Amino acid sequence: MEARGAPAEVLLQHPWLPVSISGCQLLAKSWFGETAYHILLTDIHCVWEERMDSAAIQQRAQELNRRLRAPVKAFFSHLCEVVQPCLSGRDGGADGEAQVSLTRQEGGNISMKLKSELAGLPFYWEFDCTPAPVTVVCVQLVRPLLAMSHLLQRQVEQLGGLLARKDAEIQDYRENGATLSRERLQTGRFWRRRTYREKDFMSKVLPLLCSDQQGQALGFDDDLQRLYAAIVAHGNACTRKRKLSEEDQPPTEEPDLTSSLGGSHSSEATEDGQQSRDAAGAEMADRPTVQQSLLVTSDPAERPSSKPKKKKKVVGLFR
């Protein structure tokens with residue numbers, strides 16, 4: 001059985017595509033594996049998702065198609081062929097008679113129903129999408145959009161600086177007697193960036209973007225999609241490098257932590273114990289020779305003493 005949904009990095013690489021389902025303008029992102037899928041839908045007010053693995057797909061297929069008796073791989077390819085054109089913004093699919101409808105349910109869920117034909121029989125499918133967790137929304141939408149906004153702002157600043165230098169270059173040409181061959185090519189100076197931003201751009205372009213007429217332009221154009229893909233690829237590369245660097249670093253912290261918490265005391269105690277054992281062993285090893293010399297040189301009256309008993313006890317302990 002495949003894992004539920006695609007890995008975060010795999011789904012992140014797929015672009016957000018503008019789609020229209022039942023007259024509803026949405027952004028869609030989808031991943032289809034061998035017998036599993038993960039889709040994301042958003043209308044900029046909410047983000048919905050659905051993740052299905054092989055077992056869940058088999059169960060839903062039998063609930064919606066009573067006469068269907070086939071493994072998942074037998075009909076999943078047909079489902080992908082029918083629904084992928086719809087989720088990619090292309091009109092129509094492999095099956096020209098496929099019908100897709102979208103309805104909003106109580107509780108905030110949305111349902112996308114599909115009807116097509118498979119092997120001469122009607123085939124039904126339903127995507128039950130629930131609101132996505134905040135972490136998914138941040139990873140898949142918010143963070144890439146913020147990175148894109150920051151990058152575009154840097155680009156605007158660089159272009160503004162370039163225009164200011166062009167104005168200085170043109171002014172130098174004029175001061176040295178250069179003239180335009182056509183008056184219609186003459187432009188005004190751009191050195192007042194803030195004035196241009198507040199009076200021209202903000203007052204003219206912003207109302208158009210906020211108007212209801214421009215609401216149909218939901219989504220990314222080709223340039224923004226390429227920018228999104230570049231930012232995601234760069235972020236994934238940085239993440240992989242960071243993980244590899246963390247794995248390559250030797251685990252030096254744990255031994256240092258152990259030694260700082262008491263490893264030095266334990267080592268000193270171990271050395272002291274070893275030294276005491278070595279000293280005791282040396283003393284025990286020397287003791288039999290001394291006792292033998294005492295037995296040879298001492299008086300017979302002094303032989304019956306307690307030293308042989310101590311010798312047996314001590315030797316017995318170290319055996």
Side-chain angles (χ1 to χ4, degrees), residues 4-32 37-52 56 60 82-93 98-115 125-153 156 201-232 235:
R4 294 185 63 86
E9 294 183 359
V10 175
L11 186 62
L12 186 61
Q13 296 175 1
H14 291 251
W16 286 96
L17 301 174
V19 299
S20 178
I21 305 174
S22 299
C24 183
Q25 303 295 327
L26 299 169
L27 288 175
K29 172 183 284 200
S30 60
W31 168 85
F32 289 87
Y37 67 80
H38 186 183
I39 65 172
L40 291 172
L41 298 172
T42 179
D43 59 354
I44 307 303
H45 297 284
C46 183
V47 179
W48 300 272
E49 74 165 347
E50 185 181 39
R51 311 183 188 193
M52 295 285 282
R60 182 174 296 180
V82 173
V83 75
Q84 280 184 330
C86 176
L87 295 178
S88 61
R90 300 193 301 269
D91 295 334
Q99 301 176 2
V100 181
S101 62
L102 186 141
T103 57
R104 297 179 182 268
Q105 300 176 346
E106 297 181 358
N109 299 346
I110 61 173
S111 175
M112 188 170 63
K113 298 181 180 180
L114 181 144
K115 179 182 178 180
W125 189 258
E126 184 174 348
F127 296 90
D128 294 328
C129 300
T130 58
V134 177
T135 53
V136 175
V137 178
C138 291
V139 170
Q140 300 291 340
L141 186 60
V142 177
R143 274 193 280 179
L145 287 180
L146 290 177
M148 292 170 63
S149 176
H150 180 70
L151 187 60
L152 290 175
Q153 181 63 30
V156 168
F201 185 80
M202 299 295 290
S203 61
K204 296 179 182 179
V205 180
L206 183 60
L208 293 177
L209 293 176
C210 297
S211 63
D212 295 335
Q213 296 179 356
Q214 294 294 329
Q216 299 178 356
L218 178 67
F220 302 154
D221 58 11
D222 294 338
D223 293 336
L224 289 180
Q225 288 181 8
R226 286 193 292 268
L227 179 61
Y228 178 90
I231 289 176
V232 168

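Here the structure is a predicted model, which is why all the values come from computation and not from measurement.
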Just so I know, are the side chains of F32 and V83 near enough to count as touching, which here means a heavy-atom distance under 4.5 Å?
yes
For [X], what residues pass the side-chain contact (heavy atoms from CB on, under 4.5 Å) criterion, not counting sequence neighbours?
{"X": "S88", "value": "L17, R90"}
{"X": "P144", "value": "L12, Y228"}
{"X": "S101", "value": "S22, K113"}
{"X": "R60", "value": "Y37, E50, M52, L64, W125, D128"}

Between K29 (side chain) and L40 (backbone), is there a donor-acceptor pair under 3.5 Å?
no
Heavy-atom pair of closest approach, residues [X] and [Y]:
{"X": "I39", "Y": "S30", "answer": "CG2-CB, 3.7 Å"}
{"X": "T42", "Y": "W16", "answer": "CG2-CZ3, 3.6 Å"}
{"X": "L87", "Y": "A28", "answer": "O-CB, 3.6 Å"}

Sequence neighbours excluded, every pair satisfying salt bridge (Lys or Arg N to Asp or Glu O under 4.0 Å) that has a member inside residues 131-150:
none
Just verifying a value: how many Å separate [X] [atom1] and [Y] [atom2], rounded to the nearest 0.5 Å?
{"X": "L26", "Y": "W48", "atom1": "CG", "atom2": "CH2", "result": "6.5 Å"}
{"X": "H38", "Y": "Q140", "atom1": "NE2", "atom2": "CD", "result": "7.0 Å"}
{"X": "R104", "Y": "C24", "atom1": "CZ", "atom2": "SG", "result": "4.5 Å"}
{"X": "L102", "Y": "D43", "atom1": "CG", "atom2": "CG", "result": "9.5 Å"}

Would V47 and V136 satisfy side-chain contact (heavy atoms from CB on, under 4.5 Å), going step by step from the backbone distance to the final call?
CA-CA 9 Å; V47 179; V136 175; 5.8 Å; no
Quick one: side-chain hydrogen bond (donor to acceptor under 3.5 Å, both in side chains) partners of E126, sequence neighbours excluded?
S111
